[in-house]
Amino acid sequence: MADANNLDLLVNAQDIREIKFVESPAPQEADLQAGEIFVRVEKFGFSANNVTYAVLGEMMRYFDFFPTTERGWGKIPVWGMGRIVHSRHAELPVGTRMYGYFPLARAVTLRPSEMTLTGFEVDRGDLAQVYNQYWLNSADPFHLPSNEDQMLIFRPLFFTSVFLDDYLADGHQYFGAQTVLVTSASSKTSYGTAFMHARRYAEQPVAGRCAMVGLTSPGSRPFVEQLGFYDRIVTYDDLASVSSDTSVVIADVAGNLDTRRQAHEHFGDNLKKIVTIGLSHWDKSQTGTLPAELDAKTELFFVPSWIEKRQADWGIERLVGTMAGAWQAFMADVDARCRLTRATGPEAVTKAYHSMVESRSKPDEGSVLSLWDDAFA
Ligand SMILES: NC(=O)c1ccc[n+]([C@@H]2O[C@H](COP(=O)([O-])OP(=O)(O)OC[C@H]3O[C@@H](n4cnc5c(N)ncnc54)[C@H](OP(=O)(O)O)[C@@H]3O)[C@@H](O)[C@H]2O)c1
């Protein structure tokens, strides 16, 4: 493939195990419309979160961010670093570097609609606002120049954790439950939530507050144990060891319907609420229907909507201050929890994609990918 060409990864909307690459000529500056920029997607973080974007591509409109003309296929969004290679925008010169939401591609053309204090926005109609903001490195309070790759992995996941902790605790007083059960406890989104919970109650003994129990698979358990963030860790097959006299709210990051059914049978009326966050066990997320009673207790946590609410409640200064304090604390010792794996080029990206889809990823690893062979040179 000529380096001058662009390359996009497309996923089959009906079967996310099938992917293909599509090559197209990269535009030159003269090919751009006035106000457009052509951005090289230098590198991006990749985790179960991106697989969920593919699983929910049509239902939750993740495929609408970067549309393709190929019917039945979609482009998976990724959070990454971009650099402008051609520009017809007066305020965004060639070489400008930014963090934001990109397609899993070598490059993309963007049309900024508005400059902001931290970068620019792209108008994508009614698609959630947080995905449409691009943060210039020069004005980005969360950019970690010396730990950029770890930042790419954790930034979208940890801010979900920050607001999920707030949603459960201050937003809903844990729905009146004594214990939060967090599924997929080894996922980055889950253990970030446990980190926030532990930080919130650092001075308070477990007896006087809502406890957080991590539910995980036997293979992930040693990793979760050494984190030290949860009050207790239980494997899925041992859920019954949590007393059914305890009232619980489930923060469901796994989306495994078998676990939900099991919890319903075990806790009965003591299961107060299921807050659905993710589908890290995506292949177990459609195993039959759930009892209507259980459906009635289930609600979706969609972080963009909760952030918009908190921005209205708190104002931007408090919002950014809350995020910055938590971010610094969490990222201070991230290297001890997460080993980086880097891979470049279409073949390596294909391998990393299949590995994540088939859940062969390791909880102590974080993946940073690029379709450019020289990304980490
Ligand atoms: N609602 C929102 O706004 C929002 C925002 C951000 C993320 N999320 C969602 O949160 C979920 C977690 O994303 P993430 O990126 O944090 O995940 P991750 O760090 O990549 O972790 C994936 C987890 O999947 C689990 N898993 C399932 N089957 C496995 C297997 N056979 N082998 C190994 N691991 C297996 C493991 O957890 P266990 O072994 O502990 O089960 C593993 O730690 C995603 O579905 C994502 O979309 C939602």
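What's counted below: heavy atoms across the whole structure, side chains too, no hydrogens, waters or symmetry copies. In listed order, ligands and their atoms are each counted from 1.
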Check your understanding: Can you list the other members of the hydrophobic cluster that holds L181, where links are side-chain heavy atoms under 4.5 angstrom apart?
Key -> V213, L215, V234, Y236, L239, V242, V248, I250, L257, F267, L271, I274, L290, L294
Study note, to complete from the structure: Across all chains, not counting sequence neighbours, the side chain to side chain donor-acceptor pair (under 3.5 Å) partners of R88 are none
Study note, to complete from the structure: With sequence neighbours left out, the residues meeting salt bridge (charged side-chain N to carboxylate O under 4.0 Å, His left out) with K75 are D8
Check your understanding: If we only count heavy atoms from C-beta on, is the P363 to S220 side-chain gap below 4.5 Å?
Key -> yes
Review point. So do the side chains of D165 and R200 get within less than 4.5 Å of each other, counting heavy atoms only?
Key: yes
Study note, to complete from the structure: Sorted by chain and residue number, the residues with a non-hydrogen atom under 4.0 Å of ligand 1 are S47, A48, N49, T52, L157, T160, S184, A185, S186, S187, K188, T189, T216, S217, S220, Y236, V253, I277, G278, L279, S280, H281, F301, F302, V303, S359, S361
Review point. Are the aromatic rings of W79 and F44 close, with centres under 6.0 Å apart?
Key: no
